[in-house]
Every structure is written in C-alpha cells, then in structure tokens.
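As a basis for the values below, the full set of heavy atoms in this structure was taken, side chains included, without hydrogen atoms, waters or symmetry mates.
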Amino acid sequence: ANLELDLLNKTTIHANQNITLTQIVFTWLEYLIKNKDRVLSETTINEALSSFEDSNISNIVNVYIYRLRNKIDKNFDKKLIKTIRGIGFKISEN
C-alpha cells in the first residue's frame, strides 16, 4: 500500500512522502508490519514492546496507535491501521 520501512536506515516512506517517526513509534510500526494482517490484542502488543520506559501507562497501546495513525494514515486516503473492536489492532491493505 505504498508504505516502505527501511530497517537499516530507520526511515519510513508512504506514498512517496518521507514520514518522520521517533525511534519508539518506528519500532511499533515495525512490529505491526512484521505481523501484517494479524489482529494483535493490546496485551500482546504491550508485552512485545514492554521494554519501553512508558510501558506501565495503562493506555500506552492506544497512545502509540494514535501517534502511528497521525503519521501513517491521517493525510492519506487509504487507511492502513485498523481497529478490530473488542479484540485489538492490525495493519492491513484491506
């Protein structure tokens, strides 16, 4: 869906536009992409990314999903980050 993640250089391009992400947000996006089309619960995401200093915040998953949406989805027609109500989140072209 025109989203490119360069793991070596830690850069992100969406629809030919450079997207600036913090290290933490980049890591969250990388995790979602590695699990593309798979619904991930908040608990699963939090456990996988719990090494971050702010992981003890109760709504940390929602905070970072919000930040990702602002960078990856907000200014683009095709929304990639999906909420599966009552279950979790996924990144998908569909």
- Task: Hey, could you give me each pair passing side chain to side chain donor-acceptor pair (under 3.5 Å) that has a residue in residues 5-19? Not counting sequence neighbours.
- Result: Asp6-Asn9
- Query: Any side-chain heavy-atom pair from Phe89 and Ile84 closer than 4.5 angstrom?
  - Reply: no
- Task: Please tell me if the side chains of Ile19 and Phe76 come closer than 4.5 Å, counting only heavy atoms from C-beta onward.
- Result: yes
- Kindly state each residue pair satisfying side chain to side chain donor-acceptor pair (under 3.5 Å) with at least one member in residues 75-90, sequence neighbours excluded. Arg69-Thr83
- Query: With a 4.5 Å heavy-atom cut-off, do Asp73 and Leu68 have their side chains touching?
  - Reply: no
- Query: When rounded to the nearest 0.5 angstrom, what distance separates CD1 in Ile13 from CG in Asn2?
  - Reply: 11.0 Å
- Item | Full working for side-chain contact (heavy atoms from CB on, under 4.5 Å) between Phe26 and Leu5 | CA-CA 9 Å; Phe26 184 90; Leu5 200 64; 3.2 Å; yes
- Query: Among the clusters formed by ILVMFWY side chains lying less than 4.5 Å apart, do Ile24 and Leu29 turn up in the same one?
  - Reply: yes
- Which pairs count as salt bridge (charged side-chain N to carboxylate O under 4.0 Å, His left out) when at least one residue sits in residues 18-34, sequence neighbours excluded? Glu30-Lys34
- Do Tyr66 and Val25 sit in the same hydrophobic cluster, where Ile, Leu, Val, Met, Phe, Trp and Tyr count as joined when their side-chain heavy atoms come under 4.5 Å apart? no
- Residue pair Leu80 / Leu32, side-chain heavy-atom distance below 4.5 Å: no
- Message: Is it the case that the side chain of Asp37 and the backbone of Ser92 share a donor-acceptor pair, with hydrogens and angles ignored and the cut-off at 3.5 Å?
- Response: no
- Working to the nearest 0.5 Å, report the span between CG of Leu3 and NZ of Lys36. 9.5 Å
- Evaluate the side-chain proximity of Val63 to Trp28: yes if any heavy-atom separation is below 4.5 Å, no if none is. no
- Message: Keeping Thr44 on the side-chain end and Leu40 on the backbone end, is there a donor-acceptor pair under 3.5 Å?
- Response: no
- Donor-acceptor side-chain pairing of Gln23 and Thr27 below 3.5 angstrom: yes
- Query: Can you find a heavy atom in the side chain of Ile45 that is under 4.5 Å from one in the side chain of Ile60?
  - Reply: no
